[in-house]
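Everything below concerns the one structure shown next.
Every chain is numbered from 1, with letters handed out A, B, ... down the list of sequences.
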Protein chains: 2
Amino acid sequence: MKERMDQIKKELHAQSYKLTPQREATVEVLLENEEDHLSAEDVYLLVKEKAPEIGLATVYRTLELLNELEIVDKINFGDGVSRYDLRKEGADHSHHHLVCIHCGSVSEIEEDLLGDVEKKVERDWAFKIKDHRLTFHGVCVNCQTEHEASDEAPTLKAAHP
Amino acid sequence: MKERMDQIKKELHAQSYKLTPQREATVEVLLENEEDHLSAEDVYLLVKEKAPEIGLATVYRTLELLNELEIVDKINFGDGVSRYDLRKEGADHSHHHLVCIHCGSVSEIEEDLLGDVEKKVERDWAFKIKDHRLTFHGVCVNCQTEHEASDEAPTLKAAHP
DNA sequence: ATGATTGCAAACAGTTTGCAATGAA
DNA sequence: TTCATTGCAAACTGTTTGCAATCAT
């Protein structure tokens with residue numbers, strides 16, 4: 001985690017952006033909540049604990065900056081809120097998401113499942129792909145078992161295989 | 001197109017929703033602009049030509065209704081606007097989109113490219129998929145050729161193969 | 001020293017809602 | 001007739017912006 005932070009600092013410097021305490025605190029929050037999909041407001045509240053003077057506008061500006069630097073992906077699950085998802089170190093694409101339509105939980109698929117599909121799209125549609133957004137809407141394991149006999153039994157325990 | 005309209009009317013009736021002129025005009029607009037990805041405001045302006053008294057709120061309410069009935073998919077390309085995409089007759093999933101990061105154009109892939117991927121996700125993540133959102137961000141054919149020698153020559157003419 | 005960055009408040013944009021009036025069934 | 005639906009305006013929510021003060025370099 002420390003290394004990732006240093007690397008991000010380096011990237012900011014490389015583009016001659018200043019490393020302010022506010023930016024540092026924001027990145028810290030993102031690192032500490034890698035698993036989550038925080039909205040700007042969420043980030044704001046968490047950053048406030050470390051840097052109480054920070055303003056919401058600064059959080060927005062920082063998140064936008066991180067998005068431009070491709071450190072973070074701005075994603076959107078259809079509620080009217082943008083969420084910010086830290087990229088894995090070295091990842092060159094946004095990862096996939098599973099959104100449960102019962103409980104609202106969001107989990108991630110880090111494995112890239114689109115390799116073949118992208119090849120096909122680039123070939124058949126002559127479209128040069130730079131990034132993607134893939135989200136599945138459905139029912140997560142917990143909700144499947146809670147909500148009585150489903151018509152198709154779940155096979156695995158969840159978690160990334 | 002006429003048949004699709006009748007079918008939609010039937011679906012409204014089936015759920016005992018009333019078929020008002022405003023709803024009819026809205027559906028008409030969606031049918032006449034199937035290729036586009038209209039925002040609520042876009043739809044509003046177009047519907048106003050047929051039914052000048054209509055209010056924006058009614059358009060929003062109608063689009064939400066159509067979304068619930070799965071006649072339309074509410075999609076979001078990351079600008080802060082929801083867009084409404086008419087489903088193909090009988091389609092049980094949202095189709096895929098290609099968004100050009102140069103010119104902003106959006107085109108559609110109607111072929112379902114996710115069959116295998118979904119099988120894998122359902123199996124390995126024990127997630128019951130109900131729908132998906134897949135968008136590729138990249139450079140469309142036009143922009144590839146305009147913007148000088150790209151490092152990889154486009155092979156096809158675009159359009160759905 | 002100096003231009004980038006910040007906090008604040010005000011401005012915006014898209015969407016939702018309360019309510020009296022209207023209209024489809 | 002009767003309850004869903006509409007139009008309007010006002011309310012809301014998330015996000016952006018202008019500006020003087022501040023701070024990293």
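For B/Asn76 and C/dA13, the CG to P distance is 18 Å, given to the nearest whole Å. At whole-Å resolution of the value, CD in B/Glu64 and C1' in C/dT17 are 12 Å apart. Nucleotide D/dT15 holds its C1' atom 13 Å from the CG atom of B/Asp79, rounded to whole Å. Atoms CG (A/Leu63) and C1' (D/dT15) sit 12 Å apart, rounded to a whole Å. Nucleotide D/dT6 holds its P atom 14 Å from the OH atom of B/Tyr44, rounded to whole Å. Rounded to whole Å, the distance from CD on B/Glu41 to P on C/dT15 is 9 Å. The nearest whole Å value for the distance from the CD atom in A/Glu24 to the C1' atom in C/dT5 is 15 Å. Separating the CZ atom of A/Arg83 from the P atom of D/dG14 is a distance of 10 Å, rounded to the nearest angstrom.
Checked against D/dC3, D/dA24, C/dC8, the side chain of B/Lys18 finds its nearest nucleotide in D/dC3. The side chain of A/Thr20 sits closest to C/dT5 out of C/dT5, D/dC3, C/dT17. The side chain of A/His13 approaches D/dT25 more closely than any other nucleotide in the set C/dA24, D/dT25, D/dT15. Distances from the side chain of A/Glu53 to the nucleotides C/dG7, C/dT15, D/dT15 place C/dG7 closest. Checking D/dG7, C/dA9, C/dG14 against every side-chain atom of B/Thr58, the shortest atom distance belongs to D/dG7.
Note on B/Arg23: only backbone sugar-phosphate atoms sit closer than 4.0 angstrom, heavy atoms only; bases stay farther off. When heavy atoms are screened at a 4.0 angstrom cut-off, B/Ser82 is found touching the sugar-phosphate backbone but no base atom.
Of the possible donor and acceptor atoms, none in the side chain of B/Glu34 sits under 3.5 Å from a partner among the backbone N and O of B/Arg87. Looking at A/Gln15, its side chain never comes within 3.5 Å of a backbone N or O of A/Leu69 through a donor-acceptor pair. A donor-acceptor contact shorter than 3.5 Å is absent between the side chain of B/His96 and the backbone of B/Asp112.
OP1 or OP2 of D/dG7 sits under 4.0 Å from a side-chain N or O of B/Gln22. Regarding contacts with the backbone of C/dT15, a side-chain N or O of B/Tyr60 is found under 4.0 angstrom from either OP1 or OP2.
A salt bridge links A/Arg133 with A/Asp73: the closest approach of a Lys/Arg side-chain nitrogen to an acidic carboxylate oxygen falls below 4.0 angstrom.
Comparing B/Pro21 and A/Leu56 against DNA chain D, the residue whose closest nucleotide sits nearer the 5' end is B/Pro21. Taking the nucleotide of DNA chain C with the nearest heavy atom to each of B/Ser39 and A/Thr62, the more 5' of the two is matched to A/Thr62.
Residues B/His93 and B/His95 place their aromatic rings such that the two centres sit no closer than 6.0 Å. Separation of the B/Phe136 and B/His97 ring centroids does not fall under the 6.0 Å cut-off.
Residues A/His132 and A/Glu118 bring a donor and an acceptor atom of their side chains to less than 3.5 Å of each other.
In this structure, B/Glu24 and B/Thr20 have side chains that are not in contact, with every pair of non-hydrogen atoms separated by 4.5 Å or more.
Note on the helix from C/dA1-D/dT25 to C/dA25-D/dT1: terminal axis deviation equals 40°, with five pairs used at each end and the result rounded to 10°.
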